Amino acid sequence: MSILSPEMSSFAPSSKKQKTTISKSDGPFFSDIGKIEYKPDAGPEQTLVFKHYNAKEVVMGRTMEDWLRFSVCFWHSFRGTGADAFGFPTIDRPWDDGTHSMENAKRRLRAAFEFFARLGNKYWTFHDRDIAPEGSTLAESNANLDEMVDLAYDLQRQKGVKLLWVTCNLFAHSRYMNGAATNPDAHVSIYAAAQVKKGLEIAHRLGAENFVFWGGREGYQSLLNTDIRAELDHMAAFFRMVVAYKHKIGFKGQLLIEPKAKEPTRHQYDYDVQTVMSFLHQYDLSQHFKINVEPNHTTLAGHPYEHDIQLASAYGFLGSVDANTGSPDLGWDTDQFPMDIRNCTVVMKIIMEQGGLSPGGLNFDAKVRRESVAVEDLFIAHIGAMDAFARGLRNAANIISDGHMKTALENRYTSWGSGLGARIKKGEATLEDCEKYIMQKGDPSHTSGKQEHFEAMLNYYL
Ligand code: XLS
Ligand code: CA
Ligand code: CA
């Protein structure tokens, strides 16, 4: 069943400027809710207060705010309508009249900054086409963007909110149906490059700390009509132009690639962290990019929740996290708010062990369910996820300061610290040395992997 209209997704860019047809309030929109406070003694039904997230509290030498670097994403929380592939919008926001007018775009942006001030997040993220309507020419789109960026610039200063990252929407418009940087038609890739040029300029103007590339339609539906090698060569050439322009304009933000295994294409080139690292090394781009990991995408790739975060961190590629979750019983990208304490704990353990995430952060690339139609649900979702991560942070700090899990992990590898193990690691041993060793020492004994011991230890801290 296909009943999608352009309005049906938080990613669909608006096609034209239109006149406002329904008059909507100019705000304030959240005065009933007020500023969200920290009340550690609040009961289970009080979901509009923080019970764990206490921004200025110091945990292991840094404030919670600094460790967690929470960011609200504009597209889900201020463009999302609850529409899905089977149904029309369910969510009607008091700040959105449903048109593509600049007036509506400005009201949405003001509503977002009012929300940030009440929630207390210090960062936000957006796609170029989320904040400004796409015009009928690139010049018109750019002019709309400039007008909105002026407003965003002022709002950022007024509210003390910074831009974690910006990205270009290179997947929703029909011109990108066969891909953007990997499109078989060079004309389309050139359009995408021109769009990204503007994206980098606005990122620079708004002081973005990172710039994300999610290859929405960089992949294939059929190998029969696809020259994979040519497409990946083109993607690398595209990124080389990006790096050159970034340096030319003096943009200091970190470039990030966001992996996703499938959806919308059958196979996405940036499948997972290991694939992206291999692409970056293959094309000699690894010094210019890090990775933005989204756990919902990690599970789509068939890996455990924290797998890609751990892998990226192990190789120094963990740049930022799109903090969300899928439903592991489903096979698609549901972008739910992360509420699972176990997952938040293991993620924070990895982040703390690498010394933090800055200039990246925890960006809530998450949307309220289409049934959660009340404005307060938007707050409850963010507060619940921030509290879950605050608990994860406290738990991870306890795990790290106790050191038991680290010691147990290190104990599994002690044989590599001395003798022939250490010589192999240093590249000083040969296959003949290994043969001689086994002839002398015989078979290795069976050493317990102790998985249940590790699982029980983790549960102690949850
Ligand atoms: C979609 C992606 C997208 C990127 C930014 O699945 O998560 O939201 O984060 O384009
Ligand atoms: Ca994402
Ligand atoms: Ca997603």
Side-chain angles (χ1 to χ4, degrees), residues 8-13 70-80 84-85 123-131 134 163-173 176 179-181 192 195-196 199-200 202-203 208-219 242 253-273 276 289-301 303 305 308-309 312 318-328 330-338 343 347 357 360-370 381 385:
M8 293 195 65
S9 115
S10 19
F11 291 129
F70 289 129
S71 167
V72 172
C73 92
F74 187 79
W75 59 98
H76 284 314
S77 291
F78 291 89
R79 299 301 312 268
D84 69 11
Y123 289 93
W124 72 305
T125 52
F126 67 89
H127 298 77
D128 50 359
R129 302 297 181 243
D130 304 334
I131 62 163
E134 179 149 8
L163 185 54
L164 185 70
W165 52 259
V166 55
T167 185
C168 288
N169 184 328
L170 304 175
F171 46 89
H173 194 283
Y176 295 127
Q195 189 177 329
V196 167
L200 288 166
I202 65 165
E209 300 192 14
N210 304 269
F211 191 96
V212 165
F213 291 90
W214 170 57
R217 293 191 194 269
E218 316 296 14
V242 167
Q254 173 66 53
L255 301 176
L256 300 169
I257 293 179
E258 179 179 326
K260 186 172 184 180
K262 52 190 164 187
E263 199 199 69
T265 66
R266 178 181 177 191
H267 172 84
Q268 303 269 136
Y269 289 135
D270 299 326
Y271 192 89
D272 61 4
V273 160
V276 170
F289 289 84
K290 286 191 177 182
I291 299 177
N292 181 41
V293 179
E294 179 177 318
N296 195 167
H297 298 176
T298 306
T299 52
L300 278 182
H303 305 309
Y305 186 88
D308 266 5
I309 293 179
L318 181 62
S320 202
V321 173
D322 267 3
N324 72 359
T325 189
S327 282
L330 299 175
W332 60 93
D333 193 20
T334 56
D335 287 338
Q336 289 163 240
F337 279 85
N343 289 345
V347 168
L357 207 46
L362 298 176
N363 174 51
F364 292 120
D365 188 353
K367 57 189 172 198
V368 290
R369 299 303 84 194
R370 74 191 295 268

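In listed order, ligands and their atoms are each counted from 1. We number each residue from 1, following the sequence as shown. In this text the structure is predicted, and so the values were computed from the model without any measurement.
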TODO: Return the name of the atom in Glu258, of element N, O or S, nearest to the Ca ion (ligand 2).
DONE: OE2
Task: Asp365 to ligand 1, any heavy atom closer than 4.0 Å - done: yes
Open item on the list: Is there a polar contact between ligand 1 and His297, counting only N or O atoms under 3.5 Å apart?
Closed with: yes
- [ ] Enumerate the atoms of ligand 1 whose separation from the nearest heavy atom of Asp333 is less than 4.0 angstrom.
- [x] 6 (O)
Task: Asn210-Ser320 side chain donor-acceptor pair, cut-off 3.5 Å - done: no
Open item on the list: Using a 4.0 Å heavy-atom cut-off, which part of Asp322 comes near ligand 1: side chain, backbone, both, or neither?
Closed with: side chain
TODO: Could you pull out all residues at least two apart from Gln195 that satisfy side-chain hydrogen bond (donor to acceptor under 3.5 Å, both in side chains)?
DONE: Asp128, Tyr176
Open item on the list: Need the ligand 1 atom indices (1-based, order shown) with element for anything under 4.0 Å from a heavy-atom of Lys260.
Closed with: 1 (C), 6 (O)
TODO: May I ask you to list the atoms of ligand 1 that are less than 4.0 angstrom from any heavy atom of Glu294?
DONE: 7 (O)
Task: Candidate list Thr325, Asp365, Asn324, test side-chain contact (heavy atoms from CB on, under 4.5 Å), partner Pro295, passing option - done: Asn324
Task: Test side-chain contact (heavy atoms from CB on, under 4.5 Å) applied to Asn363 and Val212, Val72, Asp322, the passing residue - done: Asp322
Open item on the list: Applying salt bridge (Lys or Arg N to Asp or Glu O under 4.0 Å), can you list everything that pairs with Asp333, at least two apart in sequence or on another chain?
Closed with: Lys260
Task: Test item: Ser77 side-chain N/O and Phe74 main-chain N/O as donor-acceptor pair under 3.5 Å - done: no
Task: Tyr123 side chain reached by Glu209 side chain, heavy atoms, under 4.5 Å - done: yes
Open item on the list: If the cut-off is 4.0 Å to any non-hydrogen atom of His127, which atoms of ligand 1 fall inside it?
Closed with: 5 (C), 10 (O)
Task: Near the Ca ion (ligand 3) (under 3.0 Å) - protein N, O or S atoms - done: Glu294 OE2, His297 NE2, Asp333 OD1, Asp333 OD2, Asp335 OD1
Task: Atom CZ of Arg369 with >12 non-hydrogen neighbours under 6.0 angstrom - done: yes
- [ ] Sequence neighbours left out, what passes side-chain hydrogen bond (donor to acceptor under 3.5 Å, both in side chains) with Tyr269? Give chain and number order.
- [x] Glu231
TODO: State the atoms of ligand 1, each with its element, that fall below the 4.0 Å cut-off from a heavy-atom position in Trp75.
DONE: 8 (O)
Task: Heavy-atom donor-acceptor pair, Gln268 side chain to Gly215 backbone, under 3.5 Å - done: yes
